[in-house]
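Quick caveat, the model's predicted, so the values are computed rather than measured. Computed over heavy atoms, backbone and side chain alike; hydrogens, waters and symmetry mates excluded.
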Amino acid sequence: MRKWLVCPAAAAAAVIVLATAGNSGGVLRAEGGSPTAISASATTASGSSVLIAMGHLDDPSNMFWEFFFKSAGSKSWVLHTPPGVASNGGLVLAAAPSGSLTVGFLISADLKFSPVAQSTDGGDKWSPGELPSPLASMPDALAVGSSGEALALVATADQRVMETSGDLSAWRTLTLTKALRVAAGSCGVQDVTAVAYNDAAEPLLGLRCAQKGEVGLLAETAPSSDGPATWRDIGLSLGPGGGAAVVTRLVSTSNGVVGLGQVGAGKRTSIVAFWGGGSTDQWSGPTPFSVPAGWSVTATATGGNSGQGLAVLLGSGARRRVEVITGPGTSWMTLPPVPRDASGVSVDGAEVDTFVVTGSHLAVWAWTPGATGWTRTASMSVPVPYGSSS
């Protein structure tokens with residue numbers, strides 16, 4: 001195993017707290033097919049996490065993805081990116097309901113494998129691991145269960161889901177995409193796009209479907225230790241006129257599974273939210289909203305008071321807008337105009353945060369229910385290591 005992490009003392013030196021200002025309270029693919037990371041956030045009982053690209057965003061060798069954490073009850077975001085590894089390619093986050101955090105590194109020009117790191121103290125200290133194949137560029141390509149077991153979606157030619165019982169450097173193949181096509185016959189499986197654990201601690205897979213009208217979801221039927229994994233189709237129907245869907249977020253929470261899908265029908269795109277235990281085909285939702293023409297998904301977040309909330313940051317040029325939904329049985333709501341060029345979003349209780357990056361400078365803006373606009377709550381410079389990857 002590669003010992004890629006620096007010592008805990010060096011990790012502690014990388015911690016920077018965002019000072020509170022004043023008293024104010026999917027998946028993308030670049031041209032040519034190379035994967036591009038997208039900002040993602042998750043909130044659990046222990047705190048909120050967010051991944052943000054910083055530095056020279058038009059120069060891959062000088063763009064670095066950073067991990068920030070805000071502990072429960074705190075107003076300050078803290079820089080806790082696992083040290084010792086180039087993060088130019090992007091980061092993937094798994095925030096388990098138990099409070100553990102697992103971060104995976106996507107490959108880049110000088111990084112040809114995917115290190116992973118896990119923390120049980122909000123990112124103060126990290127334990128190292130390593131995947132045998134490059135991690136897929138999907139917001140939920142990693143998942144961690146209640147007993148430390150983990151799933152990883154890797155970007156191989158035969159696209160496979162890996163699993164481990166807890167050792168982040170000892171992975172085995174759980175399944176290949178081609179093995180799933182019979183199990184989810186009505187979906188027309190193109191690939192796996194998200195992994196999670198359901199309420200029965202079984203692996204749960206989100207899919208990209210070729211067939212219209214279905215959100216593709218599979219749950220494991222037999223423990224993988226008893227032989228090849230078998231799967232049951234627990235997808236949900238979009239109803240008449242539904243387009244082809246891809247699951248973009250799939251997150252285990254203390255109150256069940258929360259999911260997000262993107263649906264294309266002609267020139268129209270919509271976002272759907274859904275909730276359930278993830279062990280049967282009984283789901284609440286799908287609850288959709290239409291993406292306005294000329295807008296696209298920039299970032300997503302899970303969280304809220306029940307852990308069942310979702311936020312989607314949309315972008316059109318420098319303009320931004322945020323859509324939020326608080327849980328099953330509620331409707332999507334458009335928030336007041338968002339600061340221009342925001343590149344991330346997080347949901348912590350009733351508060352929604354957005355993040356605006358200018359080079360190595362980060363500003364955090366907050367909205368709370370009833371507010372007519374956003375308030376800047378933090379501003380800081382981050383020590384971006386320009387030139388370290390060239």
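Judged by distance alone, the side chain of W332 and the main-chain N or O of T287 form a donor-acceptor pair under 3.5 Å. Between the S114 side chain and the L135 main chain, a donor and an acceptor come within less than 3.5 Å of each other. Between the side chain of R160 and the main chain of A157, no donor-acceptor pair closer than 3.5 Å is present. In this structure a side-chain-to-backbone donor-acceptor pair under 3.5 Å is present from D140 to L250. Between the side chain of S49 and the main chain of S41, no donor-acceptor pair closer than 3.5 Å is present. Without hydrogens or angle criteria, S252 side chain to A196 main chain gives no donor-acceptor distance under 3.5 Å. A donor-acceptor pair under 3.5 Å is absent between the side-chain atoms of T173 and the main chain of T175, judged by distance alone. Using modelled atom types, one side-chain atom of S316 and one backbone atom of G294 make a donor-acceptor pair closer than 3.5 Å.
Annotation: side chain of K112 is not in contact with side chain of I107 (no heavy-atom distance under 4.5 Å). Side-chain contact between I234 and W283 is present, with at least one heavy-atom pair separated by less than 4.5 Å. The shortest side-chain heavy-atom distance between L217 and L236 falls under the 4.5 Å cut-off. Contact of the Y197 side chain with the E149 side chain is registered, since non-hydrogen atoms from C-beta on lie closer than 4.5 Å. Residues H80 and D124 are in side-chain contact: their nearest non-hydrogen atoms beyond the backbone lie under 4.5 Å apart. Within the 4.5 Å cutoff, side-chain heavy atoms of I271 are placed close to those of V291. Here the side chains of E323 and M333 are not in contact, with every heavy-atom distance at 4.5 Å or above. Looking at S127 and L168, their side chains never come closer than 4.5 Å, going by heavy atoms from C-beta outward.
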(request) Step by step, work out the side-chain contact (heavy atoms from CB on, under 4.5 Å) result for N305 and T326. (result) CA-CA 8 Å; N305 288 320; T326 57; over 6 Å; no

(message) Before you tell me yes or no, could you show the steps for N88 and L111 under side-chain contact (heavy atoms from CB on, under 4.5 Å), namely the whole-Å CA-CA distance, both residues' side-chain angles and the distance that decides it to 0.1 Å?
(response) CA-CA 9 Å; N88 308 81; L111 182 65; over 6 Å; no

(request) Run the numbers on Q211 and S186 for side-chain contact (heavy atoms from CB on, under 4.5 Å), then give the verdict. (result) CA-CA 7 Å; Q211 299 298 324; S186 61; over 6 Å; no

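Of the N and O atoms on the side chains of D199 and S279, at least one donor lies less than 3.5 Å from an acceptor on the other residue. Judged by distance alone, the side chains of E214 and S237 never bring a donor and an acceptor atom under 3.5 Å apart. Between the side chains of E66 and T81, at least one donor-acceptor pair of N or O atoms lies under 3.5 Å. A donor and an acceptor atom, one from each side chain of Q118 and T102, are located under 3.5 Å apart.
Connection of M54 to V50 is established within a shared hydrophobic cluster, with ILVMFWY side chains joined at heavy-atom distances below 4.5 Å, either directly or through further cluster members. A continuous path of hydrophobic side-chain contacts links W65 to V103 [ILVMFWY only; heavy atoms under 4.5 Å]. In the hydrophobic cluster analysis, where Ile, Leu, Val, Met, Phe, Trp and Tyr join through side-chain heavy atoms closer than 4.5 angstrom, M380 is grouped together with V357. Hydrophobic clustering (side-chain heavy atoms under 4.5 Å, transitive across Ile, Leu, Val, Met, Phe, Trp, Tyr) keeps V345 apart from L314.
Across all their heavy atoms, A95 and T44 have their closest contact at O-CG2, 3.8 Å. Smallest separation of non-hydrogen atoms from A245 and L238: CB-CD1, 4.1 Å. Nearest heavy-atom pair across A152 and W171 is CB-CZ3, 3.6 Å.
D281 is linked by a salt bridge (Lys or Arg N to Asp or Glu O under 4.0 Å) to nothing, counting only residues two or more places apart in sequence or in another chain.
For the ring-ring contact (aromatic ring centres under 6.0 Å, His included) criterion with F355, the lone passing option out of F68, W77, W374 is W77.
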